[in-house]
Amino acid sequence: MAMSFKLLKNISRVVTFDDSDSIFEKADILINDNEIVEIRKGIEPVEGYEVIDCTDLIALPGFVNTHHHLYQTLFRGIREVQEKPLFPWLVGLYDFWRHITPEAVYYGAMVGFSELLRTGCTTTMDHHYVFPVDKPKNLIDVQIRAASEIGIRFHATRGSMSLGRSGGGLPPDCVVQNEEDILLDSERLIGKYHDKNRFAMQRIALAPCSPFSVSRELLIQSRDLARKKGVMLHTHLAETKDEERFCIEKYGMRPVRLMESLGWIGPDVWFAHVIHINEDEIKVLKGSGIAHCPSSNMKLSSGICPTTDLVEAGVKVGIAVDGSASNDGSNMWEEVRRAYLLNHLRYGTDGLDAYQVLKLATRGGAEVLGRDDIGVLQRGRAADIVLFDLNDIAYSGCHDPLIGLVTCGNTSIVKMTMVNGRVVVKDGRLTTIDTEEMAKKAHEVASDIVKKERQLASEKIW
Ligand SMILES: [Zn+2]
């Protein structure tokens, strides 16, 4: 590989999240191509280095977003489903989602990736599970193309729904697939895109949607395929009381016990939400990962995730924005602040401090996704770095920048986002796409779908 050196010079504070929790003051970071090679004071540039002045800026590892549904960026602010809890919210939205096309998935992904990158996220996953029966099925391929165009590190999960209304599930039959097709496509995507190498920009995981939209058999077969191929497993779990009732009625078990009985526990498994669990179930989850989604949990009034208890029990915890129909943004920065506040609402003075929450959003998320090459700023890790500028008036009078980053809550402070050694956001703007053009096109595609469904719904009524 060609040698290409970047030197981030005179950073006011480098927060590493390494094993000794090192924080460097007035230090430099030397990057060779996509890898951090040195962090210390006074690295002298030599000829050929690209030197970037970082005076007054704070450096953190890029945030890792552990749960999302990117296509939902096109379905924000739909008035028919506001102020509804999960099940009726989903039922209302499936009717819109049945119209999604590869084009919609592409623009939805670009909108979400843009906002993530602009708020300091360098790695995201996506959980795509809606494959309308009458539409092309290359939706994950399209997302992967979008990720590579914009320059974000991407863990696509092959989501699935196989239990339609006619089989006792929640989604209508027009958005579910048969299980053989799901497994064949899962295997195809792993073969085509999963990169096991260090610094991989794309990986695949398998993600049946939830206990109430797939069969037990699909959970078992996805598990076997994932373990055979060495990819991770993901699903929604213990998000609502409705889900708990569904599992008890259908399987005679609460959600965590159901997953345990299916062998869906361990370092290669992570769950979104995990709210309605008891002390014994927390112990069962030791070693597995969870994606904590504070905004979504508040908006859908799902409940509060027991974050401190999970961390103390040895569960890997990351932070996530969740899909934009329940958030309604992909603002990773805001999510970090809400994770902090929601933890304090539940635990009071025993809560996590600002540093601990930042660590969950970076190193924690990397661990949840099974990666030891990102999430920490140190020699040998990928150059996924975010630089913040706290000179804005929103931070004047704040006496500890690390606390202020989390608690002051201004979200327009990302000066630079670097992914795999490449500057993708500079002075708050994306360098890889025409954001205005993308926004316009995405909104057109979204409006067409929503108009179409509203038209169909009005015909049905009248
Ligand atoms: Zn979700």
Side-chain angles (χ1 to χ4, degrees), residues 64-76 78 81 84-94 96-97 100 105 108-109 111-112 115-116 121 124-131 139-140 143 154-161 163 169-171 175 205-214 219 222 232-244 246 255 259 264 269-277 288-305 317-332 335 338-339 342 365 368-369:
V64 178
N65 177 42
T66 50
H67 187 66
H68 208 331
H69 311 287
L70 288 160
Y71 73 97
Q72 291 181 8
T73 57
L74 304 188
F75 302 93
R76 303 190 258 191
I78 298 225
V81 298
K84 282 189 169 35
L86 183 73
F87 277 22
W89 174 86
L90 276 170
V91 168
L93 279 168
Y94 289 135
F96 291 96
W97 296 346
I100 59 167
V105 168
V111 171
E115 199 180 3
L116 287 166
C121 174
T124 187
M125 68 78 80
D126 190 67
H127 185 183
H128 190 91
Y129 54 83
V130 178
F131 293 84
L139 305 179
I140 306 236
Q143 291 187 317
F154 187 43
H155 286 221
T157 71
R158 207 309 179 174
S160 51
M161 296 197 291
L163 195 62
L170 193 70
V175 290
L206 301 187
C209 188
S210 63
F212 52 87
S213 55
V214 300
L219 286 164
S222 299
M232 293 187 71
L233 287 163
H234 178 64
T235 193
H236 294 97
L237 198 74
E239 183 176 1
T240 64
K241 287 280 179 197
D242 283 340
E243 174 197 330
E244 189 176 295
F246 181 95
M259 299 320 277
W264 260 73
V269 182
W270 87 105
F271 301 108
H273 306 301
V274 184
I275 295 166
H276 302 281
I277 50 168
S288 304
I290 74 128
H292 171 43
C293 310
S295 297
S296 169
N297 298 163
M298 287 191 271
K299 171 146 184 182
L300 300 180
S301 49
S302 304
I304 304 178
C305 172
V317 176
I319 293 172
V321 300
D322 199 4
S324 292
S326 64
N327 182 321
D328 293 344
S330 305
N331 185 331
M332 197 59 197
E335 218 55 46
R338 287 184 179 165
L342 204 51
V368 166
L369 295 186

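As the structure lists them, so they are numbered: ligands from 1, and atoms in each ligand from 1. In this chain, numbering begins with 1 at the start of the sequence shown.
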### Query
Does any non-hydrogen side-chain atom of Asn331 lie less than 4.5 Å from one of Glu115?
yes
### Query
Quick one: do the Asn327 and Glu335 side chains pair a donor with an acceptor below 3.5 Å?
yes
### Residue and atom, protein N/O/S, under 2.8 Å of the Zn ion (ligand 1)
His67 NE2, His69 NE2, His236 NE2, Asp322 OD1
### Message
Looking only at the side chains, is there a donor atom on one of Ser324 and Thr73 sitting less than 3.5 Å from an acceptor on the other?
### Response
no
### Message
Using the ring centroid of each side chain, check whether Phe246 and Phe87 are separated by less than 6.0 Å.
### Response
no
### Task
Consider only side-chain N and O atoms of His273 and Ser302, and report whether a donor and an acceptor are under 3.5 Å apart.
no
### Task
Run the ring-centre check on His127 versus His236 and record whether the distance is less than 6.0 Å.
yes
